Amino acid sequence: MQVGAVARLVGVSVRTLHHYDEIELVVPSGRTPKGYRTYSSADVERLHQVLTYRELGFALDAIAALLDDPAVDAMAHLRRQRELLNERIDHLHAMAAAVDKMMEAKKMGMQLTPEEQREIFGDNWPGEEYAAEAEQRWGETDEWKQSQERTASFTRDDWKTIKDEADALEADFAAAMQRGVDPDSDEAGILAERHRATIARHYDCNHEMQVNLAEMYIADERFAKHYNDIAAGLAQYLRDVIVANAARQG
């Protein structure tokens, strides 16, 4: 393939390819009968590796050193690039989550800086998607109005306390499940009441309302994933504990 065709194939300019040729980073290995340089499949493969490392932020001289290292084979390069791309993807996901959390904070009236929000809530804080859906489903209810009024006055310390308590409660639920605590036991009932108290910080929550929430924890795959990522089967266990406790309360 000649330089123009390769430029179109990989999405860079002919000038860029000429520069790579001049600095001997990617040198076309063949020539046409008229003397034009051509790229082999191996040349194009090296070019793809160069462009991947460039996307990852490597300088051209560092890329040359990596690709020309006789101790590293082609598969090793590909594995390394895959690892770096995974790290970049994870970083971008974290950045997107941080933006979602800032949007959520603005919507809910939280008086926190973005740094404070990320510090307090971590990567599991639900984003704009949850807030918009919640408002659509419950925006006309008394519970929603209570939540808006109460959270609007929460301070940074209030939110940190809420997050710490929620994390501790989820860990205690997981520990109880793993120890085989019966969902209908007194010990499990104490956990259920702690759960109801965390909800009551936002709005008045009776046992019927709590059961409705518990059913959502297993019906909505996002909630189920959140709990099951903490411990496999936790979403179902949490639901069973809450339902059993509500039944005992009459």
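Computed from a prediction, not measured in an experiment: that's the story for all the values here.
Taken to the nearest 0.5 Å, the CG atom of L47 stands 9.0 Å off from the OG1 atom of T52. Interatomic distance, L9 CG to M1 CE, rounded to the nearest 0.5 Å: 4.5 Å. How far CD of E45 is from CG of L67: 10.0 Å, rounded to the nearest 0.5 Å. Interatomic distance, L234 CG to Q236 CD, rounded to the nearest 0.5 Å: 10.5 Å. In this structure, CZ on R222 lies 13.0 Å from NE2 on H226, to the nearest 0.5 angstrom.
The side chain to side chain contact (heavy atoms under 4.5 Å, CB included) test with V10 is passed by exactly one of L51, V50, T16: L51. Of the options R248, E215, Q210, a side chain to side chain contact (heavy atoms under 4.5 Å, CB included) to V243 is made by E215 and by none of the others.
With hydrogens and angles ignored, the 3.5 Å screen pairs no side-chain donor or acceptor of D220 with any backbone N or O of M216. At distances below 3.5 Å, not a single donor-acceptor pair connects side-chain atoms of E55 with backbone N or O atoms of L85. In this structure, the side chain of R196 does not engage the main chain of H207 through any donor-acceptor pair within 3.5 Å. For D43 (side chain) and P28 (main-chain N/O), no donor-acceptor pair under 3.5 Å exists by modelled atom type.
Residues V3 and Y36 form no side-chain contact, since every pair of their non-hydrogen atoms from C-beta on lies 4.5 Å or further apart. Using a 4.5 Å cut-off on side-chain heavy atoms (C-beta onward), F173 and I230 make no contact.
Hydrophobic clustering (side-chain heavy atoms under 4.5 Å, transitive across Ile, Leu, Val, Met, Phe, Trp, Tyr) keeps V241 apart from I218.
For R194, the CZ atom is densely surrounded, since the number of other residues' heavy atoms within 6.0 Å is greater than 12. By the 6.0 Å contact criterion, CD on E83 is enclosed, its count of non-hydrogen atoms from other residues, nucleotides or ligands being greater than 12. Counting heavy-atom neighbours within 6.0 Å of D90 CG, excluding the residue itself, gives a total above 12.
A tilted orientation is assigned to the rings of Y217 and Y227, their planes being inclined by 30° to 60°.
Residues satisfying the salt bridge (charged side-chain N to carboxylate O under 4.0 Å, His left out) test with R37, not counting sequence neighbours, are D21.
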